[in-house]
Protein chains: 2
Amino acid sequence: MEVKIILADDHKIIREGLKALLEKQQGIEVIAEAQDGISTVRLTKKLSPDLVIMDIGMPDMNGIDATRMIISETKNVKVIALSMHSDRRFVLEMLKAGASGYLLKDSAFEELTLAINTVMAGQPYLSPKITDVVIREYIHAPQKDEKSVFTTLTAREREVLQLIAEGKSTKQIASSLNVSVKTIETHRQQIMEKLNIHSIAELTKYAIREGITSL
Amino acid sequence: MEVKIILADDHKIIREGLKALLEKQQGIEVIAEAQDGISTVRLTKKLSPDLVIMDIGMPDMNGIDATRMIISETKNVKVIALSMHSDRRFVLEMLKAGASGYLLKDSAFEELTLAINTVMAGQPYLSPKITDVVIREYIHAPQKDEKSVFTTLTAREREVLQLIAEGKSTKQIASSLNVSVKTIETHRQQIMEKLNIHSIAELTKYAIREGITSL
DNA sequence: ATTAAAATAGGGGATTCCCTTATTGTTTAT
DNA sequence: ATAAACAATAAGGGAATCCCCTATTTTAAT
């Protein structure tokens, strides 16, 4: 039984490298590649792969939001996140979005095949370093309410924040998300209020610190 | 004649992918891999490869400094930069450091083989997008004057940029510098034009990279 | 002394920011 | 099951900013 895979990463040469490695494996077929979140979601819907290997830092829609959409819109699809960051926030959000695996880009390829097998067998897979983070988090986490400390933005808000921090104007964002300018303004305000931040500059810094955008 | 290559990138899975692709080519041999700048320099010295394929964003020593050291310490070695950024600063610094080629990670692998052939034939190779940046830069940069390539901001402009990147509003900046709001607007525009940047978000990122403000 | 660059500033239209209010659908809790 | 809370959408309206030009006055630089 072939495992049908969609590869999502914004860097073509990286996709090609991964594809070359994956296709040397038995029982794995890369049926499509995507370079941004939106086409990943679209292709997944259309092709119903068994697995999506998803980079987190992509333009347009980030991997987390894409994962959320994929999980809610397509049946019997697994997502493995492939990320540069071991930041707990990413891991947490990605798992909450429904990903079954989380690998770091400095993992060996061998680990990716292990992750694919594990995930296709219905079990979650995390890179050892990630497991570490998750456990550490779990240990001193769920006492009462700590959430107020890191004030969670909603998925949509993060999406908007990412676009803001990439330098897009309100108008551009509105048209790229197909909603009104007013809606984006409201999101921006909501974000600023939650974070107690009052300028685009600081919002950008926040987004960089949180890994929502890159320098 | 085999081209002996050292691959330097901090993400193992990316190195492996590239290696898989490269080794399918005739006349190319990957003789070593490195995951940071320091070991890249060390390995290059020890193994005298024909070519180093160098990621720019690495821990410890970045790809630019590593390239500078490699070029000055090892004979008959070429460097091709493989980067996520088309930012002209990176390109410029990398070329100044002595790299013969500059590719973007969203290039096709085909382009990498072309770059390798071109560079091994003694000619420079740049990704089309990069060429574009370089040409644009070249066009409105007067020859003999090197500093104009750096696009120096004036002291006043830096001052204004710093305040912008700290999240101050135009009005606040104007009043703290005792000039009119219009003056600050003009400075901002001038800064943006010089840097070819068109949003506060990107301006903030630039300021962080330049150390004008901190995260 | 002439030219060039830097700092200053205004006009005016487009856009964004900011605060408020509101509707609708979806979770969550009791 | 129903109330309460949250998320996403959007509008009004005034203040502020952005953006594209033009323009004057200092301040180097040749």
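Chain identifiers are assigned alphabetically (A, B, ...) following the order of the sequence lines, protein sequences preceding nucleic acid strands; residue numbering begins at 1 within each chain.
We find that A:Glu202 and A:Lys205 are not joined by a salt bridge, their nearest charged nitrogen and carboxylate oxygen being 4.0 Å or further apart. Salt-bridge formation is not detected for the pair B:Asp9/A:Lys105: no Lys NZ or Arg NE/NH1/NH2 atom is positioned less than 4.0 Å from an Asp or Glu carboxylate oxygen. Under 4.0 Å is where a charged nitrogen must lie from a carboxylate oxygen, and between A:Glu29 and A:Lys4 no such pair does. A:Asp106 has no carboxylate O lying under 4.0 Å from a charged side-chain N of B:Arg15, or vice versa, which leaves the two without a salt bridge.
D:dA8 atom P lies 9 Å from atom CZ of A:Arg68, rounded to whole Å. Nucleotide C:dC18 holds its C1' atom 5 Å from the CD atom of A:Gln189, rounded to whole Å. Atoms CE (A:Met192) and P (C:dT16) sit 13 Å apart, rounded to a whole Å. The CD1-P distance, from A:Ile197 to C:dC17, rounds to 14 Å in whole Å. Atom CD1 in A:Ile200 sits about 9 Å away from atom P in D:dC18, given to the nearest Å. Counting to the nearest Å, the C1' atom of C:dT21 and the CD atom of A:Gln190 are 14 Å from each other. Between the C1' atom of D:dA8 and the CD1 atom of A:Ile173 lies a distance of 16 Å, rounded to the nearest Å. For the pair B:Ile191 CD1 and D:dC18 P, the interatomic distance rounds to 11 Å; values are reported in whole Å.
Contacts between residues 179-187 of chain A and DNA chain C, defined by a heavy-atom separation below 4.0 Å, involve A:Lys182, A:Glu185, listed by number.
Annotation for B:Glu110: atom CD does not count as buried by contact number, only 12 or fewer foreign heavy atoms lying within 6.0 Å. More than 12 heavy atoms of other residues, nucleotides or ligands lie within 6.0 Å of CD in A:Glu2, so this atom counts as buried by the packing criterion.
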Step by step, would you call A:Tyr102 with A:Ser127 a side chain to side chain donor-acceptor pair (under 3.5 Å)? CA-CA 6 Å; A:Tyr102 198 113; A:Ser127 273; over 6 Å; no
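Residue B:Leu177 holds its CG atom at 9.5 Å from OG1 of B:Thr183, rounded to the nearest 0.5 Å.
No donor-acceptor contact under 3.5 angstrom links the side chains of A:Glu185 and A:Gln189, judged on distance only.
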Give the dot-bracket string for DNA chain D, reading 5' to 3', where a pair is Watson-Crick or G-U wobble with both distances under 3.5 Å, ( ) marks pairs inside the strand, [ ] marks pairs crossing earlier ones, | marks a partner on another strand, and . marks unpaired. ||||||||||||||||||||||||||||||
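Side-chain N/O atoms of A:Ser169 include one lying less than 4.0 angstrom from OP1 or OP2 on C:dT16. A close approach under 4.0 Å does not occur between any side-chain nitrogen or oxygen of A:Arg188 and OP1 or OP2 of C:dT16.
Checking D:dT9, D:dT17, C:dC17 against every side-chain atom of A:Arg156, the shortest atom distance belongs to D:dT9.
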